[in-house]
Amino acid sequence: MFRTRLLSGILLVAVALGVLLKGGALLALVIFGVSVIAYQELTAACKVRGDGPNPGAPVLAGGAMILVYYGVLGLALGRDISAVFPAMVMVIAAAFLVFLFVYVFTFPKYHANQIMTAMFCFLYGPVMLSFLYLLREGLADGIYLVWFVFLASWGSDTCAYCVGVLIGKHKMTPKLSPKKSIEGAAGGVLGAALLFVLYTHFVINQYSMMTLSLPLAACLGAVGALVSMVGDLAASAVKRDHDIKDYGKLIPGHGGIMDRFDSVIVAAPIVFWGIVLAAGFM
């Protein structure tokens, strides 16, 4: 199991590296595909589709709105990043109305909690993941800035694991994730802050057009790490609520997209807005 997990992890990192470096249409297509899979995993875990084999109207409606969302996002981004956010709000509002239409015209087949959960899954997976695309393609130095997301998520997770194994004694959330410790969480936050400082000093301030102060980079890393931990625990909470081990089996040894990208999903918008506000892009 460890060997399978290690090999699939290395392959995943290699694919992510290649896709993010290439960017453009390939990145948009990959993130769209990942968003669809994440949405399917979440709706299945939360029982939106019911007990039957068919996806059901709420899931199909959500899938259609993901396609619309990324299509509109791509068109808006082609004009100017300032046009992106009104477009995002417009599609999110439209998705809400579509779910309401599904609820009304299929009543009483689906319960209110299924419709609300479908909307939650749409926001949680596809919309949050889209900030990874916005960070890479919407900002001038996106090819350098996008890696902050992975330092905040996967980097902090690695630091937290190492510190937790070495000195972890006090459980952080014993009922939700018994293996995570307060010491490990602190190590993850401090580790991410250090990683952000090093990456900013040796890469961002050397090769990109922007200059980011090191104290600000440390703060952004710490906040990103905290948020990514919440994302990890939130995804675990959904699994505990519905008594499942993994969201899927797509990635051998890791589970599904939501099992591997749970922290990335919530770190992406925080890193994006942190950089936008810090560097004065807007």
Taking [Y]'s backbone N and O only, do any of them form a donor-acceptor pair with [X]'s side chain (distance below 3.5 Å, no angle check)?
| X | Y | value |
| --- | --- | --- |
| Y199 | Y144 | yes |
| Q114 | V48 | yes |
| Y247 | A235 | yes |
| E137 | G24 | yes |
| S228 | A152 | yes |
| R136 | L27 | no |
| T173 | L176 | no |
| K249 | G255 | no |

Closest heavy-atom pair and its distance - [X], [Y]:
| X | Y | value |
| --- | --- | --- |
| A61 | F99 | CB-CE2, 4.3 Å |
| V72 | A87 | CG1-CB, 3.6 Å |
| S153 | A267 | CB-CB, 4.5 Å |
| Y39 | P126 | CB-CG, 4.2 Å |
| V59 | Q40 | CG1-NE2, 3.6 Å |
| T117 | C46 | CG2-CB, 3.4 Å |

Taking the side chain as C-beta and beyond, is there a heavy-atom pair between [X] and [Y] under 4.5 Å?
| X | Y | result |
| --- | --- | --- |
| W147 | V203 | no |
| L123 | M128 | no |
| V163 | I167 | yes |
| D141 | Y207 | no |
| M65 | Y70 | no |
| L134 | L73 | yes |
| V34 | V30 | yes |
| M172 | L233 | yes |

What's the spacing between [X] [atom1] and [Y] [atom2] if we round to 0.5 Å?
| X | Y | atom1 | atom2 | result |
| --- | --- | --- | --- | --- |
| L42 | I37 | CG | CD1 | 12.0 Å |
| K179 | K171 | NZ | NZ | 9.5 Å |
| S35 | L129 | OG | CG | 4.5 Å |
| S177 | M229 | OG | CE | 11.5 Å |
| L97 | I92 | CG | CD1 | 12.5 Å |

Does L135 form a side chain to side chain contact (heavy atoms under 4.5 Å, CB included) with I275? I'd like the steps, not just the answer. CA-CA 9 Å; L135 184 58; I275 291 173; 4.1 Å; yes
Can a side-chain donor-acceptor contact be found between Y69 and S130 if the only test is distance below 3.5 angstrom? yes
I'd like to know if [Y] and [X] are part of one continuous hydrophobic network [Ile/Leu/Val/Met/Phe/Trp/Tyr, side-chain heavy atoms within less than 4.5 Å].
| X | Y | answer |
| --- | --- | --- |
| L60 | V91 | no |
| V238 | M116 | no |
| V165 | L190 | no |

Under 30°, 30 to 60°, or over 60°: which ring-plane class applies to F272 and F85, parallel, tilted or perpendicular? tilted
Going through the distances and angles, do L145 and M210 end up as a side chain to side chain contact (heavy atoms under 4.5 Å, CB included)? CA-CA 10 Å; L145 300 172; M210 68 173 291; 3.5 Å; yes
If you look only at pairs with a residue in residues 220-248, which of them pass as a salt bridge (charged side-chain N to carboxylate O under 4.0 Å, His left out), with sequence neighbours excluded? K180-D232, K239-D259
Which Ile, Leu, Val, Met, Phe, Trp or Tyr residues join F101 in one cluster when any pair of side-chain heavy atoms under 4.5 Å counts as a link?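 Under the 4.5 Å side-chain rule, F101 groups with V104, F105.
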So L214 and F196, side chain to side chain contact (heavy atoms under 4.5 Å, CB included) or not? Walk me through it. CA-CA 8 Å; L214 298 186; F196 268 56; over 6 Å; no
Between Y110 and Y103, is the ring centroid distance below 6.0 Å?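 Centroid distance Y110-Y103: not below 6.0 Å, so no.
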Give the C-alpha distance, both sets of side-chain angles, the deciding distance and a yes or no for side chain to side chain contact (heavy atoms under 4.5 Å, CB included) between I204 and F148. CA-CA 10 Å; I204 298 298; F148 276 133; 3.7 Å; yes
